[in-house]
Protein chains: 2
Amino acid sequence: MSVEWQPVRQARTHELVLQSIEERVFAGDLKAGDRLPPERELAPVMGVSRSALREALRVLETIGVLVAQQGRGPDAGARIVRNPDDALGRLLRLHFALGSYSLEDVLEARVTLERSSFQASAGHATAEDLAEAEDLLARMGDPALGVADFNELDTRFHVLFARSSGNRLTSTLTSAVRESVRPLILRALESADDWPATAAGLNAEHAELLRLVRTGDGAGAADLVERHIRGFHGTLVDEKQRRDDA
Amino acid sequence: MSVEWQPVRQARTHELVLQSIEERVFAGDLKAGDRLPPERELAPVMGVSRSALREALRVLETIGVLVAQQGRGPDAGARIVRNPDDALGRLLRLHFALGSYSLEDVLEARVTLERSSFQASAGHATAEDLAEAEDLLARMGDPALGVADFNELDTRFHVLFARSSGNRLTSTLTSAVRESVRPLILRALESADDWPATAAGLNAEHAELLRLVRTGDGAGAADLVERHIRGFHGTLVDEKQRRDDA
DNA sequence: GGGCCCGTTTGGTCCGACCTTTTTGTTTCT
DNA sequence: AGAAACAAAAAGGTCGGACCAAACGGGCCC
């Protein structure tokens, strides 16, 4: 295999700034909670214009490692934070909309991730987690619940178990993937033939999932969540088919 | 549970622009390959300054849904693309450096994702994939190979199988997670007690992985890659321990 | 036809002015 | 003395305009 040549791509200023800040992060110089100097001071120190600096900060903000606050006082200015979830969610949502990933890809990824989540959750879930799941379950049982509200609660149910697995990375990935198909799921639910029956069926599975996690049956929960996801995604694919045919 | 009140957080201009463009993407108005109007035209049409528009474009660029090219001709300007891998890699790398995720979290996520990758790869890998893996394996076998080069080839080996699984989403996630621990792995390799022996051991496992994938033994490949990752991550944890103690 | 030059288009950079929000300090009135 | 009102300062947010740099297209000259 021959060496692959790459075009040189002259680095843009904001990329240099970015690189410089990232190095600080990698070196441990910048930790969560630290504040950056004000833009008007930092820009000349780095030898770039304020606009270039701001573009770099915007990038860091969309990655979820920085927030900016107007005003004075200790909370003002640009601060390093750790908030990957929104960033990852937006990323996957957009790419899914653009067709970077097929529905089948998302299905398999959800199965893989949520199997792992539920497996671990069966060993790690706290009493608070279980109580919250119970609460969500009860609210989803309301027959008068609208489709959109159901979808919201269903998302929270799945994300809750991902969080309770104790693994923040898997949790982030799981909820981002779940979020990315959220609009699609909403549309599918809206066009369900018999919505009350669909909701009841999903809820029965949710209740059983909760029971398995509570009793510590990780393998059982993993198997059931796989069936749960495959079953529902199956109707999604059917729905998509019907739409494409029309 | 009472209703949770949120602060209103006045939206910033670039966020409005972003929202507007995202809606176009979700609606299917903007597809991969489409070009946006020039900044100088688009900004006044949207009623914002060019700077605000540019910040929104920068955000889209870091998400990997847009690239910008200077100059004239059909390739110039801002174009919609689908390139999630770099974006995801940078995101996870930074958050890992900031301590959003522990080493154990990454270990479990890698095991989950790569088990799935290798399982699927055993059914999907093409002859080209296998040939490339063979090539990488041969190059990793060179005893004179430096640690950094080995790490580079090892990364490509793992990412290759993720890609060959046929699932672009899992592949993206796998390579991003692998990339996020790359600097760490490099440091661990550099401080290995007996580097040639370590390399030989890893290579033997790589060769066996390739064999299992080639013969279509997905379950076997999944099990082996789990042992492979856990074994190596184990030395990482030991290494970290030793550093923390010092 | 090939090569050179020059203009046009488009993003990239910089600067300076001004707006808005948030806190802090000070003054004034009771 | 205390509370309310006002003013100043510090920070990010926005805007407009000027200019730089890269890439392409076309025309001109050999």
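Proteins come first, then strands; the chains are lettered A, B, ... in the order of their sequence lines, and each starts at number 1. All values below were derived from every heavy atom in this structure, side-chain atoms included, with hydrogens, water molecules and symmetry-related copies excluded. Quick caveat, the model's predicted, so the values are computed rather than measured.
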Checklist entry - What string of B, S and - do you get for nucleotides 2-7 of chain C 5' to 3' if you count protein non-hydrogen atoms under 4.0 Å? => result -----B

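Checked by distance alone, A:Gln70 brings a side-chain donor or acceptor within 3.5 Å of a matching partner on the base of C:dT20.
To the nearest 0.5 Å, atom CD of residue B:Glu61 and atom CD of residue A:Glu15 are 7.0 Å apart.
Among the protein residues, B:Gly71 comes within range of the nucleic acid bases, having at least one heavy atom under 4.0 Å from a base atom. Residue-level contact check: A:Ala52 touches the backbone only, with heavy atoms under 4.0 Å from sugar-phosphate atoms and none from bases.
Not a single salt bridge (charged side-chain N to carboxylate O under 4.0 Å, His left out) links A:Arg82 to another residue, sequence neighbours left out. Every residue two or more places apart in sequence or in another chain was checked for a salt bridge (charged side-chain N to carboxylate O under 4.0 Å, His left out) with A:Arg79, and none qualifies. A:Phe157 pairs by the ring pair (Phe, Tyr, Trp, His ring centres under 6.0 Å) definition with A:Phe161, A:His206, not counting sequence neighbours. Residues forming a salt bridge (charged side-chain N to carboxylate O under 4.0 Å, His left out) with A:Arg182 (at least two apart in sequence, or on another chain): A:Glu152, A:Glu179.
For the side-chain contact (heavy atoms from CB on, under 4.5 Å) with B:Arg178, the lone residue among B:Asp154, B:Leu92, B:Leu113 that qualifies is B:Asp154.
Checking D:dG16, D:dT14, C:dC15 against the side-chain heavy atoms of A:Ser49 singles out C:dC15 as nearest. When distances are taken from the side chain of A:Pro38 to each of D:dG16, C:dT13, D:dA11, the shortest belongs to D:dA11.
Taking atom CG of residue A:Leu53 and atom P of nucleotide D:dG13, one finds them 11 Å apart after rounding to whole Å. Look at CD on A:Gln69: it is 13 Å from C1' on D:dA10, rounded to the nearest Å. Rounded to an integer number of Å, the gap from A:Arg40 CZ to D:dA10 C1' is 9 Å. One can place CG of B:Leu57 at 8 Å from P of C:dG11, the figure rounded to the nearest angstrom. Protein atom CG of B:Asp75 is 14 Å distant from nucleotide atom C1' of C:dT9, rounded to whole Å. Rounded to a whole Å, the CD atom of B:Glu39 is 15 Å from the C1' atom of D:dC15. In this structure, B:Glu15 places its CD atom 18 Å from P of C:dT20, rounding to the nearest Å. Rounded to whole Å, atom P of C:dT9 lies 20 Å from atom CZ of B:Arg79.
Closest-nucleotide positions on DNA chain C for A:Gly47 and A:Gly73 were compared, and the one nearer the 5' end corresponds to A:Gly47. Of the two residues near DNA chain D, A:Ser51 and A:Gly77, the one whose nearest nucleotide lies more 5' is A:Gly77. Between B:Arg54 and A:Arg50, it is B:Arg54 whose nearest contact on DNA chain C lies nearer the 5' terminus.
Between B:Arg12 and D:dT14, a side-chain N or O to OP1/OP2 separation shorter than 4.0 Å is absent. For the pair B:Thr13 and D:dT14, the criterion of a side-chain N or O lying under 4.0 Å from OP1 or OP2 is met.
Residue pairs meeting the ring pair (Phe, Tyr, Trp, His ring centres under 6.0 Å) criterion with at least one member in residues 64-107 of chain A, sequence neighbours excluded, do not occur.
For the pair A:Val159/A:Thr174, no side-chain contact is recorded, criterion being any heavy-atom separation below 4.5 Å from C-beta on.
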